[in-house]
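Working notes, beginning with the structure itself.
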Amino acid sequence: MRLKPVALTLLLTVAVAYYVYVPLPDAIQEPWKLMMLNAGFRAASQMATLKAWLGLDHYIRSIRQSTEGFEGMINGLGTSEPGGGVMPGVKVSDITFAGIPVRVYEPPAGGEGHLRRGLMYFHGGGWALGSGKKGSYDAINRMVSDELNTVVVSVEYRLYPEVHFPLPYLDCLAAAKHFLSPEVLAKYAIDPERVAVSGDSAGGNLAAAVAQEIAIDDTATVKFSIQALVYPVLQALDFNTPSYLQNQEIPILYRPVMIRFWLQYLGADLSLQPQLLVNNHSSLHHSAITPELRSRVDWTALLPPKYKKSYKPLVVEKGSQGLAKEVPGLLDVRASPLLAGPEVLAKCPRAYILTCEYDVLRDDGLMYARRLQDAGVMVTNDHYEDGFHGCFSFIAWPLDFDVGKRALRGYINWLQNNL
Ligand SMILES: *[C@@H]1O[C@H](CO)[C@@H](O)[C@H](O)[C@H]1NC(C)=O
C-alpha cells in the first residue's frame with residue numbers, strides 16, 4: 001500500500017522527463033531551461049492542434065492565447081499598459097503612424113535643439129505571433145530607448161491568420177515612411193542622419209525588406225542610416241541549407257515549423273509543407289527561378305567552409321508540376337530580401353546581423369552578411385556559438401538565458417557605437 005504513491009510519483013516523473021527531454025548539443029548552456037521552455041511551446045502547440053481539430057479555435061489564435069497566458073504568468077507585471085514598467089524616464093504612447101498602430105518610447109528631452117537618435121522595431125513571431133507591447137519586446141524597447149537616449153517606435157503590423165503577405169510588409173513600410181518624414185522626425189527631435197530599422201526573426205525579415213525598399217526609393221528624402229537584424233528570416237527557396245539540416249530538431253524553431261510559418265505568411269496551402277521540406281518547390285524545372293536568382297541563395301558559394309561541413313546541396317531536378325505557382329510571393333524580394341540583386345544591396349544601409357549557431361536561420365543571416373559585403377555595404381556579424389533561435393527574447397527570469405543577455409548586450413553596444 002505504502003509503495004503506491006512512490007511508484008506513482010516515479011512513474012509521473014519519468015513521464016514528465018520523457019515529455020520534456022530532448023537531446024541538445026553540448027555547446028548549449030542551461031539545457032534544462034531550454035527543454036522546459038520547449039515543452040511549454042510543445043504543449044501549447046498540441047493543445048492548439050486539438051482545439052483546431054475540434055473546431056473550437058484557429059490553431060494560431062489558441063497558440064497566442066497560451067503564450068500570452070504563459071508570459072503573464074512568468075512576468076506577472078503585465079507591462080502591456082503604456083506608462084507601466086521599470087524605466088520611469090521613458091514616456092510610452094500607443095498611437096498610430098499612417099493608420100498603423102505603434103508604441104512610441106521617448107527618452108527625456110535633452111533640452112532645446114538637442115537631437116536624439118531614432119529606431120523602428122518590428123517584433124518576431126513567424127508573422128503570426130507576438131506583439132511589440134508584450135513580454136520581452138516591450139522590455140527591450142524601453143531599455144534601448146533609455147540606455148541609448150533614442151526614440152523607439154515598435155510597430156504592431158497585422159499578422160496571420162488575419163492577413164498575409166504583402167499586408168504585414170506594407171504595414172511596416174507605411175509606418176517606416178511616416179517615421180522618416182521630416183515633420184515626424186522634427187516632432188520627436190530626431191536627427192535624420194541617425195535613424196535605424198531593426199527586428200528579430202520574422203521582424204528581421206520585415207526590417208531587411210523595408211530597408212531595401214526605402215534605400216531604392218528616390219522620393220524618400222530621409223533614409224535609414226543603419227539596419228540591425230537579429231537572426232532574420234531571409235529566403236524561402238532552400239530549406240536544406242546546412243543550418244536548416246544541422247538544427248532541424250533544435251528547439252524552439254524546428255525546420256517544419258519555420259516552413260509552416262512561410263506557407264502561412266505567403267498565403268499558400270499548408271499541405272505543401274512536405275514538398276518544401278525536400279525543396280520540391282524550387283526544383284530546376286521551374287524556369288522562373290533563374291540561375292541568377294539561385295546564385296543569390298547559393299550557400300555552397302556564400303558560406304564560409306566552416307559552416308558548410310560535409311553537407312550537400314539539395315537541388316531537385318524535377319519537382320511537382322506547377323508547385324512554384326502555388327506558393328505566391330516565393331520570388332518576391334519583399335518577402336525574401338536575400339533574393340535582391342547586388343544593385344539594390346549596394347544602396348542598403350550599414351548592417352548589424354546577429355546569428356546563432358543552433359538556429360535553422362543561421363545561414364540566411366550569414367549569406368545576407370556576405371552578399372551585403374560583396375555589394376560594398378559595411379556589415380558587423382555577431383555570431384553566437386552557443387546561441388539558439390529566440391534567445392534574444394529570453395532575458396527575463398525565470399526564462400532568462402545567459403546567451404540571450406549577452407546577445408542583447410552586444411546588440412545594444414553596437415547600436416550605441418554605430419547609430
Ligand atoms: C517531390 O516531387 C517529385 C516529382 O514530382 C515527387 O515524386 C515527390 O513525391 C515529391 N516529394 C514530396 C515529398 O511530395
Side-chain angles (χ1 to χ4, degrees), residues 22-23 38 41-42 45-46 48-50 52-53 58-60 63 126-129 160-161 164-165 201-202 205 233-303 307-333 335-339 358-365 367 389:
V22 279
N38 183 52
F41 278 117
R42 206 146 39 124
S45 141
Q46 284 161 348
T49 305
L50 180 67
W53 183 73
H58 189 281
Y59 176 79
I60 290 295
I63 297 246
W127 307 282
L129 306 169
Y160 174 89
H164 56 71
F165 178 77
S201 195
N205 165 282
V233 193
L234 297 165
Q235 60 87 27
L237 283 189
D238 189 356
F239 294 116
N240 289 272
T241 62
S243 64
Y244 262 110
L245 296 174
Q246 173 186 291
N247 305 312
Q248 53 187 320
E249 284 169 24
I250 305 274
I252 50 181
L253 186 62
Y254 295 95
R255 189 162 78 108
V257 174
M258 189 58 235
I259 293 175
R260 189 191 164 111
F261 280 139
W262 264 116
L263 288 169
Q264 292 174 349
Y265 182 46
L266 297 178
D269 197 318
L270 302 187
S271 67
L272 295 175
Q273 194 193 47
Q275 307 247 17
L276 271 61
L277 273 166
V278 296
N279 278 354
N280 259 5
H281 64 304
S282 56
S283 74
L284 293 173
H285 195 76
H286 298 302
S287 52
I289 312 175
T290 60
E292 171 69 32
L293 275 181
R294 278 180 206 282
S295 72
R296 296 176 186 171
V297 299
D298 179 6
W299 61 263
T300 63
L302 295 170
L303 286 185
Y307 299 107
K308 288 195 250 183
K309 298 194 176 138
S310 56
Y311 290 102
K312 295 276 172 293
L314 179 59
V315 184
V316 180
E317 194 69 39
K318 195 166 175 296
S320 318
Q321 199 83 28
L323 188 58
K325 286 201 196 73
E326 293 175 51
V327 190
L330 185 66
L331 302 182
D332 196 321
V333 293
S336 298
L338 188 59
L339 292 179
Y358 299 105
D359 179 357
V360 292
L361 301 174
R362 179 196 71 187
D363 298 345
D364 281 27
M367 286 193 278
H389 192 82

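Both ligands and their constituent atoms are indexed starting at 1 by order of listing.
A heavy-atom distance below 4.5 Å is found between the side chains of Val233 and Met258.
Atom 13 (C) of ligand 1 has Pro274 O, 3.7 Å as its closest protein atom, hydrogens excluded (heavy atom only). With respect to atom 4 (C) of ligand 1, the closest heavy atom belonging to the protein is Lys318 O, 3.3 Å. Protein heavy atom in closest approach to atom 10 (C) of ligand 1: Asn280 ND2, 2.5 Å.
Between Trp127 and Tyr265, the two ring planes are parallel [angle under 30°; tilted spans 30° to 60°].
Pairing each heavy atom of Arg294 with each of His286, the nearest pair is NH2-O, 4.1 Å.
A 6.0 Å sphere centred on NZ of Lys312 holds no more than 12 heavy atoms belonging to other residues, nucleotides or ligands.
Leu272 pairs in a side chain to side chain contact (heavy atoms under 4.5 Å, CB included) with only one of the listed residues (Glu326, His281, Arg260), which is Glu326.
Close approach of ligand 1 to Gln275 is summarised as follows: ligand atoms under 4.0 Å from at least one heavy atom of the residue are 1 (C), 10 (C), 14 (O).
There is no protein heavy atom closer than 4.0 angstrom to atom 7 (O) of ligand 1.
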